[in-house]
Asks: 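One structure, pasted below without further comment.
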Amino acid sequence: MSKICNDCIAIVAEKPRAAAKIASAISHGRAKKILYKGVPIWIFRIDGEEYVVIPSAGHLFSIDTNKSGIPVFEYKWIPRHVVDDDYKHLERFYKAFSEILPRAKAYINACDYDIEGSLIGYMIVKHWGDVRKMKRMKFSSLVEDELRRSFRNLGPPDIDMIEAGLARHEMDWIWGINVSRALMMLFNKISGERRVLSAGRVQTPTLFEVVRNTIERNTFVPTPLYSVNIYIEVAGKRYKLESAEEPFKRKQLAEEYARTAKSSGYAVVKNVRREVLSYKPPYPFNLGDLQEEAHRIYRISPARTLKILEDLYLDSLISYPRTNSQKLPASIGHRDIIQSIGRLGDYRSIALKVLRKEILTPNNGPMDDPAHPAIYPTGEIPRRLEKEHAKIYDLVVRRYLATFMDPAVIDRVSIDIEVAGRAYKLHGTKITYKGWLEAYPFYKIEEKTVPNVKPGDRINIALVRIAISYTRPEAPHNKATLLKWMESQGIGTESTRAEIIETLFRRKYVDGSGATDLGLMVYSAIEKYFPDLSRIDLTRSFEEMMEKIRRGELRREHVVEKTKIVVGTAIERFLKNIENIDPSETKLLGIKTGGCPICGYASSNNEHGFCPIHEKAYEKLVEVYKEWAKDGYGWEDYLEKLSKLEITGTAAKEVISFLRKTQRKGSGD
DNA sequence: GCAAGGTC
Ligand SMILES: [Zn+2]
């Protein structure tokens, strides 16, 4: 048997799935698949020329160093599986390349057409061959026509794109490794313990967001709100009016109004409006939306959802999951897929309904992806799925079917009502046509009836009640809201966001209730020594530099050298600062040095010697008291009341009990 | 051991 690849043209793909599609498209299905050293490869001939398509599994190479200590700027690219036991699965890909690529006479980089893809293919070709003999296939989807077109129009090696990718990797490594090591050094100096800590361009701004949210909630001081609830009775049925105005801030005003409302005795119907609302189906799923929905509906974490999606993808049940696209191109062949899905009992009636449409038009969203469409089911029938896999698969199928369906139609009645000079409303909701809601029933639309009234009607008031409520702190973050926050800030990628959130938990910077003491320590250390790394702006500046490198306006060496200077300067300053320092002088949050009389963190300059968090809570208590005072509360009563409210932040409550203790002492003897 | 980025 002759060896594979004798002066062949080697086509390097980013992953096995893509390799299969590329081989099939270019060879018109004639490619022969063989398992070579455990890696699927495809062989075919065109005009006597031998082609071999070999997949990688993402990056085979990674940056590494053998130097310890900081600053560290010496690194090189090495095969990942050699240094990292968690990446042993890459070894077979490495071996397949090392047998085949040296016998190739030319190479085609057919990795995803984005910066990382350019780099993945380039590193592989460079390791075993001559990059001057490399060409680039450029495609934005794996549909046959597009792949054939890009194969006929091979581009030159996209060296500027590769340089931009290399620059990004190097800058991230320099920042991440140096600051991570600095943190570990500092922690060791303060506590005498060795502990793995980390920092990076994406994880650190995310940690800062958790800390901001945690402090905001812990120092929250509520103010009271007084609503006057009015109930009317029509035809023996009681309705609670919805207030159309802000609640009262003063109890007295609410009471006065309630008295007037009661004595007037009736409500006046001002206007009755009927409208037919139509709700378009949801967009096709991108990864972030799917992770958000899986968490909302099933409380499955974003990382777990991605893992399940990867399993479903490798089982050929769904398309590529790491996509930002909310668009489904027609070329996917939706009618065939929906016909297949209809073979599954759960979806039969819905699929039939969708197939009755003459044209299938998805409700495409605005988000896009350079290499992949939105997530859709392939139409392959799953054999047996585990519980959570079944839930996620169901979500994908339902969302997919829904996006082709008719809008949901809702009849809505809005009644404007006036009671003693204040505006109220009543809303009636009735779903008259379910449309896509039939396929994707994960939204609760509460149906409500309203009394049959007309403008000018006077309706008897049955009951007037004053209800007290309180302003609320911002909602706490969870893994799904954090992921959406990262998305909104444009940090991380589909492949990395969920895992980076897990890193914050694994490091114990963050737990179920927000930032931990360790998280606060890392936060304040980075704020003190490496504030640039905590800012979203660092990513923006990376992006600008990469764009300029891609356009040939800037060189990688230049931006990398600049990064070494910036990071090097900060590291030198850090080393000097901690050289002769006593742990108590670090003034970091999360470290008990005995300063703050409440928590023992270092004090900032203020009257009580509070740490910054308790000082912030104290300032809010003083500020918010102005509102309560207008409502007739004395300081003592105010503190008493707040200490009993559940929504008062923990740090605020701690300050309250501290103040009450010291005040008692002051007035006692 | 430490990043962020691919994918198994
Ligand atoms: Zn404190």
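Per chain, numbering begins at 1; letters A, B, ... match sequence-line order. As the structure is a prediction and not an experimental result, all values here were calculated from the model.
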Asks: With A:E292, which residues qualify under side chain to side chain contact (heavy atoms under 4.5 Å, CB included), at least two apart?
Replies: A:D289, A:K484
Asks: Would you kindly give the CG-to-P distance between A:L166 and B:dG6, to the nearest whole Å?
Replies: 15 Å
Asks: Once you apply a heavy-atom cut-off of 4.0 Å, does A:F542 come out as touching a base, just sugar-phosphate, or nothing?
Replies: nothing
Asks: Separation of A:Y87 atom OH from B:dG6 atom C1', in whole Å?
Replies: 9 Å
Asks: Quick one: salt bridge (Lys or Arg N to Asp or Glu O under 4.0 Å) partners of A:D532, sequence neighbours excluded?
Replies: none
Asks: Across the strands shown, which category fits A:S198 at heavy-atom distances under 4.0 angstrom: base, sugar-phosphate, nothing?
Replies: sugar-phosphate
Asks: Determine, for A:F151 and A:K135, whether the Lys NZ or Arg CZ falls below 6.0 Å from the six-membered ring centre while staying within 45 degrees of the axis.
Replies: no
Asks: Assess, by modelled atom type and distance only, whether the side chains of A:H169 and A:E116 contain a donor and an acceptor separated by less than 3.5 Å.
Replies: yes
Asks: Can you see whether A:R17 engages A:S316 through a side-chain donor-acceptor pair at a distance of less than 3.5 angstrom?
Replies: yes
Asks: Select base, sugar-phosphate, or nothing to describe what A:E499 touches, counting heavy atoms under 4.0 Å on all strands.
Replies: nothing
Asks: Taking only the side-chain heavy atoms of A:V196 (C-beta and beyond), determine which of B:dA3, B:dG1, B:dG5 contains the nearest atom.
Replies: B:dG1
Asks: Mind checking A:E310 for me? I need base, sugar-phosphate or nothing, with any heavy atom below 4.0 Å counting as a touch.
Replies: nothing
Asks: Looking at A:R168, does any N or O in its side chain come under 4.0 Å of the phosphate oxygens OP1/OP2 on B:dA3?
Replies: no
Asks: Taking any heavy-atom pair under 4.0 Å as a contact, classify A:S56: base, sugar-phosphate, or nothing.
Replies: nothing
Asks: Can you measure A:H59 atom NE2 to B:dT7 atom C1' for me and round it to whole angstrom units?
Replies: 10 Å
Asks: According to the ring pair (Phe, Tyr, Trp, His ring centres under 6.0 Å) rule, which pairs have a member within residues 172-206 of chain A, sequence neighbours left out?
Replies: A:Y75-A:W173
Asks: Within residues 174-185 of chain A, which residues have any heavy atom lying less than 4.0 Å from an atom of DNA chain B?
Replies: A:G176, A:I177, A:S180, A:R181, A:M184
Asks: Using whole Å, what does the distance between atom P of nucleotide B:dA4 and atom CD of A:E494 come to?
Replies: 16 Å
Asks: What is the nucleic acid contact for A:S495, judged by heavy atoms within less than 4.0 Å: base, sugar-phosphate only, or nothing?
Replies: base
Asks: Only pairs under 3.5 Å count here: list side-chain donor-acceptor contacts from residues 380-391 of chain A, not counting sequence neighbours, and write none if there are none.
Replies:
unit_1 : atom_1 : unit_2 : atom_2 : d
A:E388 : OE1    : A:R304 : NE     : 2.7
A:E388 : OE1    : A:R304 : NH2    : 3.0
A:H389 : NE2    : A:D311 : OD2    : 2.9

Asks: May I ask you to say what A:I115 touches in the nucleic acid, namely base, sugar-phosphate or nothing, with a heavy-atom cut-off under 4.0 Å?
Replies: nothing
Asks: Using a heavy-atom cut-off of under 4.0 Å over every strand shown, decide if A:R322 touches base, sugar-phosphate, or nothing.
Replies: base
Asks: For the pair made of CD in A:Q489 and P in B:dA4, what is the distance, rounded to whole Å?
Replies: 16 Å
Asks: Classify A:G165 by what it touches in the nucleic acid, base, sugar-phosphate, or nothing, heavy-atom distance under 4.0 Å.
Replies: nothing
Asks: Among the candidates B:dC2, B:dT7, B:dG5, find the nucleotide nearest to the side-chain atoms of A:D64.
Replies: B:dC2
Asks: Less than 4.0 angstrom between a side-chain N/O of A:R17 and OP1 or OP2 of B:dG6, yes or no?
Replies: no
Asks: Among B:dG6, B:dT7, B:dC2, find the nucleotide with the atom closest to the side chain of A:A57.
Replies: B:dT7
Asks: Starting at atom CD1 of A:I501, determine the distance to atom C1' of B:dA4, rounded to an integer number of angstrom.
Replies: 14 Å
Asks: Heavy atoms only, 4.0 Å cut-off, all strands: where does A:Y313 land among base, sugar-phosphate and nothing?
Replies: sugar-phosphate
Asks: With heavy atoms under 4.0 Å as the rule, sort A:G58 into base, sugar-phosphate or nothing.
Replies: base
Asks: How would you list, by chain and number, every residue that makes a salt bridge (Lys or Arg N to Asp or Glu O under 4.0 Å) with A:K133, sequence neighbours excluded?
Replies: none
